[in-house]
Each structure stands twice: as structure tokens, then as C-alpha cells.
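Start at 1 and go down the list; that is how both ligands and their atoms are numbered.
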Amino acid sequence: MNLDPKAPIGVFDSGLGGISVLKRLVEQMPEEDYIFFGDRKNAPYGNKQAKEVLRLTEQAYELFRERGCKAMVIACNTATGVAADALRSRHSGFPILAIEPAVKPAAEAFPGGKILLMATPLAMKTERIRSLARRFQKRAEIQLLPCPGLVELIETGHLSDEALKAKLKELFWGLETPDGVVLGCTHFPHVAPAIREYFGENVPLFDGGEGVARHTETVLKNAGLKKESNEKGTVEFIFSKGDEKTLSLAKKLLS
Ligand code: DGL
């Protein structure tokens with residue numbers, strides 16, 4: 001496969017959540033160019049059937065290939081759980097990176113402690129998340145919390161208002177305060193301040209954005225695909241549904 005180091009990196013999510021990963025990628029590799037595709041027309045993915053999410057992720061891959069991208073970052077835990085392995089085996093030779101919930105660092109930080117893993121209902125059902133939780137269950141107690149409805153609020157810009165706080169209260173109702181919280185959906189870092197406010201400042205939040213950004217850089221370097229430049233690269237946003245308000249929220253989330 002002939003890929004160009006100067007080509008952009010495609011970053012994909014069902015909506016605005018993946019911008020939390022895009023932000024880490026830009027911090028890690030500011031010289032690169034990025035195309036962010038948010039499939040808002042079909043969001044949320046977390047309430048869909050797995051085969052539908054696989055089809056939509058394949059469509060995103062096609063879009064990035066048409067746009068000449070050199071790599072794809074799946075910045076969606078739900079799409080990763082359902083589609084990353086299938087896409088990699090169908091398109092070997094094209095770098096496909098994928099986010100993973102930061103269960104490992106959380107369990108290692110609190111041996112014997114309680115870790116709350118938040119994700120979408122579909123992501124929670126995937127073998128990828130279940131086996132990740134099983135793997136670290138010996139280190140710490142991993143409590144799985146599916147979070148229906150949270151992505152929808154974040155997509156519509158409810159990042160810190162009463163509606164968001166009421167939703168968190170409903171989701172967390174009856175839970176003991178954990179030692180750490182894993183944000184297993186890329187939308188959730190956008191509401192990290194509200195989650196912190198609920199559990200208190202001394203409960204750390206873990207997300208996989210930084211890890212995937214570092215890993216992407218290593219993979220690009222090893223493949224000879226890293227862009228060499230001293231200038232800052234560009235970010236282009238594409239949304240399958242959206243307007244000026246969507247774009248300004250996207251820019252705000254990236255800033
Ligand atoms: N950001 C996606 C994730 O990380 C949200 C999926 C959805 O649209 O429900 O899982």
C-alpha cells in the first residue's frame with residue numbers, strides 16, 4: 001500500500017466525543033494534518049446493533065481512504081469494541097489505531113481498590129471491554145456502569161448544566177464512591193469537571209486519549225509515515241449532520 005507521510009490522519013467517532021482524542025493527537029503531533037469525521041447523523045452508536053456499527057465504521061474508513069488519509073484512528077470505544085479487529089483484518093497494510101478504556105493504569109494505581117468503568121450500553125456488551133475488565137479484576141474490583149443517555153446530552157452541548165448534573169446523579173445513584181473512574185467513552189472527558197464535582201477532586205479520572213495518541217505516533221514512526229515539519233498542521237471537521245453551532249462546539253471542545 002502506497003501511503004504518503006504528508007497525508008492527513010483520519011479521526012473517527014459517532015459525534016463530538018472523539019474530539020477529546022483529537023485534542024491529545026494534536027498535542028502529541030502538532031505538525032500533522034487531521035480530518036475529523038463525526039457521524040452525528042447516526043449517533044449515538046451505543047444504542048445500536050453491533051453489525052450496524054461495523055457497517056458505519058467501514059463507511060468512515062472508506063471516506064478516509066477517498067480523502068487520501070495515511071491512517072485511521074477510531075476515537076470511539078463503541079466502534080473499537082465492535083469493528084477494530086474486523087477492519088484491521090480486512091484492510092491490512094493500512095494503519096488502524098483504536099482507543100481502549102484506560103482500565104490498566106486505573107487498576108495499577110489502586111491495587112485492591114474499586115474502579116468504576118463508565119461506557120455506552122453497546123460498548124459494555126463487547127467482548128473487548130468484558131475481557132479487559134476480567135483481565136484486571138484480580139488487581140482491583142472493576143464495576144461496569146453502562147451510561148444510557150449521557151452521549152445524547154453531550155452531543156447537544158449539555159456539558160455542565162442542570163440537565164447534565166441530573167443525568168449523572170441518576171447514573172451514579174446508590175454507588176459507593178470509587179477510588180478511580182475510567183471514562184470508557186470518548187464523549188465523557190468533555191464532562192470530566194461535572195464527574196469530578198460529583199465524586200470529589202481526589203477521585204482521579206482515567207481516559208485512553210493520551211495512550212492512543214502516543215501509540216499512533218510510534219506506529220507512524222515505525223511505518224515511515226510521520227510527517228516531518230516545523231509548522232503546525234491543520235484540522236478539518238466533517239459531520240454527517242450538523243450546522244454552524246456544531247462546528248463552533250467542535251472548535252470549543254478542541255481548544
Ligand atoms: N464516543 C463514543 C464512544 O467512545 C460514543 C458512542 C455513541 O455514539 O454512543 O463509545
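Among all non-hydrogen protein atoms, the one lying nearest atom 10 (O) of ligand 1 is T78 OG1, 2.6 Å. Regarding atom 7 (C) of ligand 1, its nearest protein heavy-atom neighbour is Y45 N, 3.1 Å. Among all protein heavy atoms, the one lying closest to atom 9 (O) of ligand 1 is G46 N, 2.7 Å.
Under 4.0 angstrom from ligand 1, the non-hydrogen atoms of D13 all belong to its side chain. Heavy atoms of N77 found under 4.0 angstrom from ligand 1 belong to the backbone as well as the side chain.
In the hydrophobic clustering of this structure, L144 does not group with I99; members are Ile, Leu, Val, Met, Phe, Trp, Tyr whose side-chain heavy atoms approach within less than 4.5 Å, directly or through other members. Hydrophobic clustering (ILVMFWY, side-chain heavy atoms < 4.5 Å, transitive): M1 and L63 are in one cluster.
Between atom 1 (N) of ligand 1 and the options V82, T186, D207, the minimum heavy-atom separation is to T186.
Atom numbering of ligand 1 starts at 1 in the shown order; those under 4.0 Å from a heavy atom of S14 are 5 (C), 6 (C), 7 (C), 8 (O).
Judged by distance alone, the side chain of S240 and the main-chain N or O of R40 form a donor-acceptor pair under 3.5 Å. Proximity of a side-chain donor or acceptor of H187 to a complementary backbone N or O of G17 within less than 3.5 Å is detected.
The aromatic rings of F172 and Y198 lie tilted to each other, with the angle between the two planes from 30° to 60°.
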- Query: Would E228 and K6 satisfy salt bridge (Lys or Arg N to Asp or Glu O under 4.0 Å), going step by step from the backbone distance to the final call?
  - Reply: CA-CA 8 Å; E228 297 301 338; K6 289 196 221 65; over 6 Å; no
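The shell of residues lying under 4.0 angstrom from ligand 1, judged by heavy atoms, includes C76.
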